[in-house]
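Inspection log for the structure reproduced underneath, given as C-alpha cells.
Here is how names work: the chains are called A, B, and so on, in the same order as the sequence lines, proteins then strands, and each is numbered from 1. Remember, predicted model here, so these are calculated numbers, not experimental data.
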Amino acid sequence: MSTLSGWAAPSSGSSAIGPPLAESFYARDVLVVARELLGCLLQVGDTLGRIVETEAYHQREPACHGHNGRTPRCRSLFGPPGTAYVYRAYGIHRCFNVVCEDEGVGAAVLVRAVEPLAGIAAMRKRRGVERLEDLCSGPGKLCQAFAIELEHDGTSLVDGPIRLFALEGGRPRASAIVAAPRIGISRAVDLPWRFCLAESRFLSRPRPTPPQVAGTRD
DNA sequence: CTGAGGATGTGCT
DNA sequence: GCACATCCTCAGG
C-alpha cells in the first residue's frame with residue numbers, strides 16, 4: 001500500500017485507472033510531459049507500475065541522441081508523439097523513452113524509475129533480485145523488469161504492447177515534484193531536466209539534493 | 001554507506 | 001579507438 005504524499009488514494013484493485021494517454025498528451029513541450037508523466041501508470045503484459053522519475057531530452061541540447069540529427073539508431077526519436085524510443089545503453093541494458101512534441105522533432109522523456117504495482121513475481125524472476133526497491137529503480141532495471149526489448153522500439157504507446165495511463169483523481173502536487181540535473185551524462189549537465197516524486201522510495205538514486213529555498217522548512 | 005572497475009554493442013569523434 | 005541517457009560486485013571506512 002504505497003501511499004505517496006500529495007496523492008489521491010492509490011488504485012488498490014478498483015478502477016482508478018483512466019484511459020490510455022492519447023497522442024495529444026505527448027504532442028506538447030517535452031518538459032511539460034516529463035513532469036506530467038510522474039504518477040502515470042506503465043503497463044506491459046501483466047506488469048504494472050507507477051512512474052516516479054523521468055528525464056527530458058531535446059535535440060536542441062547536446063545530451064540528446066538527436067542533437068546531430070536523425071540517424072538510424074535514433075530514428076524513432078523523431079517519430080510521431082506517443083512512440084516508444086528504446087535503445088541499447090552500455091552494450092548491455094536498454095532504456096525506454098516516450099517520444100514527444102511534433103513528428104520530425106527529436107524530443108523524448110526517459111523513464112528512469114517506476115514503483116512496482118503488479119506482476120511483481122515476474123519482475124523478480126526477470127531481474128533476479130527480491131527487494132521491491134531494486135526491481136525498477138533505474139532505466140535499465142525497469143526495462144528488464146517489464147521485459148521492454150529493442151523490438152519495442154518504434155511501437156505506439158497508444159495502442160501497442162507498451163501502454164501508459166493516467167490516474168483518475170489528478171496529478172501529483174507541484175510541491176511533490178523535485179527537479180534536478182540529469183544523471184549519467186557529460187554534456188548539458190546543468191539543465192535541471194530530471195523530475196522525481198520526492199517522497200518515493202523507488203527512485204534510481206536516493207533523492208536529488210532538494211533545492212534549499214530560504215524560509216522554506218517544515 | 002562510498003567509490004572503483006568490469007561487462008558489453010554500437011556509432012561516432 | 002573511445003564514449004557512452006547502466007548495473008553489478010567488491011573493497012574499504
Side-chain angles (χ1 to χ4, degrees), chain A residues 26 29-31 33-35 37-38 42 44 47 49 51-79 81 83-101 105-116 123-154 157 162 164 178-197 200-210:
Chain A
Y26 304 104
D29 186 295
V30 70
L31 292 169
V33 180
R35 282 181 172 273
L37 277 175
L38 293 176
L42 171 66
V44 185
T47 49
I51 296 172
V52 298
E53 179 178 343
T54 60
E55 286 179 358
Y57 288 85
H58 193 283
Q59 66 176 91
R60 69 177 180 270
E61 46 87 13
C64 181
H65 290 167
H67 184 59
N68 292 315
R70 196 177 200 139
T71 65
R73 181 205 198 194
C74 66
R75 186 177 140 260
S76 54
L77 176 61
F78 292 81
T83 298
Y85 170 44
V86 183
Y87 67 91
R88 189 190 302 283
Y90 294 95
I92 303 176
H93 305 288
R94 289 135 278 153
C95 288
F96 165 61
N97 297 250
V98 171
V99 175
C100 297
E101 303 196 4
V105 175
V109 175
L110 170 68
V111 179
R112 283 196 60 89
V114 168
E115 174 180 348
M123 293 182 185
R124 287 193 166 116
K125 187 171 183 182
R126 292 171 186 144
R127 291 273 302 122
V129 298
E130 291 298 313
R131 273 182 80 233
L132 209 53
E133 291 88 346
D134 293 336
L135 293 178
C136 305
S137 52
K141 295 178 186 177
L142 74 91
C143 283
Q144 188 178 20
F146 280 80
I148 295 174
E149 306 294 343
L150 295 180
E151 289 71 37
H152 291 108
D153 183 48
L157 301 171
I162 305 172
L164 291 165
V178 179
R182 295 171 293 182
I183 291 176
I185 57 170
S186 57
R187 312 196 298 177
V189 293
D190 290 331
L191 294 178
W193 285 11
R194 175 185 177 218
F195 303 99
C196 302
L197 290 182
S200 177
R201 304 153 37 211
F202 300 94
L203 303 177
S204 66
R205 307 257 172 120
R207 194 176 299 245
T209 55

Please state how far atom [atom1] in [X] lies from atom [atom2] in [N], giving the value in whole angstrom units.
X: N97(A); N: dT6(C); atom1: CG; atom2: P; value: 11 Å
X: N68(A); N: dC4(C); atom1: CG; atom2: P; value: 13 Å
X: H65(A); N: dG9(B); atom1: NE2; atom2: C1'; value: 13 Å
X: I183(A); N: dC4(C); atom1: CD1; atom2: C1'; value: 16 Å
X: R187(A); N: dC12(B); atom1: CZ; atom2: C1'; value: 11 Å
X: H67(A); N: dA3(C); atom1: NE2; atom2: P; value: 18 Å
X: R126(A); N: dC8(C); atom1: CZ; atom2: C1'; value: 20 Å
X: Y57(A); N: dC4(C); atom1: OH; atom2: P; value: 12 Å

Candidate nucleotides dC4(C), dA5(C), dC7(C), ranked by approach to the side chain of H93(A) - the nearest: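 Of the candidates, dC7(C) comes closest.
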
Shortest side-chain distance from Y85(A), nucleotide among dC12(B), dA7(B), dA5(C):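 Selected nucleotide (nearest to the side chain): dA5(C).
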
Whichever of G184(A) and Q144(A) has its nearest DNA chain C nucleotide further upstream toward 5':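 The residue closer to the strand's 5' end, by nearest nucleotide, is G184(A).
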
Whichever of I185(A) and V129(A) has its nearest DNA chain C nucleotide further upstream toward 5':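 In this pair, the answer is I185(A).
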
At under 4.0 Å between heavy atoms, what does [X] touch on the DNA or RNA strands: base, sugar-phosphate, or nothing?
X: R88(A); answer: sugar-phosphate
X: S204(A); answer: nothing
X: R194(A); answer: nothing
X: G140(A); answer: sugar-phosphate

N/O donor-acceptor pair under 3.5 Å between H67(A) side chain and C64(A) backbone: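 Not confirmed, H67(A) side chain does not pair with C64(A) backbone.
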
H65(A) side chain to Y85(A) side chain, donor-acceptor N/O pair below 3.5 angstrom: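 Note: H65(A) and Y85(A) side chains meet the donor-acceptor criterion.
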
Note, V109(A) side chain near E55(A) side chain (heavy atom, < 4.5 Å):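 SC-SC contact between V109(A) and E55(A) ruled out.
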
Charged tip of R182(A) within 45° of Y57(A) ring normal and under 6.0 Å: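 The answer is yes, since R182(A) meets both limits relative to Y57(A).
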
Base partner of dT8(B), which must satisfy Watson-Crick or wobble distances under 3.5 Å: none

Base partner of dG12(C), which must satisfy Watson-Crick or wobble distances under 3.5 Å: dC1(B)

Matching residue for Q144(A) among R127(A), R94(A), H93(A) - test: side chain to side chain donor-acceptor pair (under 3.5 Å): R127(A)

Pair of N/O donor and acceptor under 3.5 Å linking dA7(B) base with Y90(A) side chain: no

side-chain N/O T71(A) vs dC12(B) OP1/OP2, d < 4.0 Å: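 For dC12(B), OP1/OP2 do have a side-chain N/O of T71(A) under 4.0 Å.
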
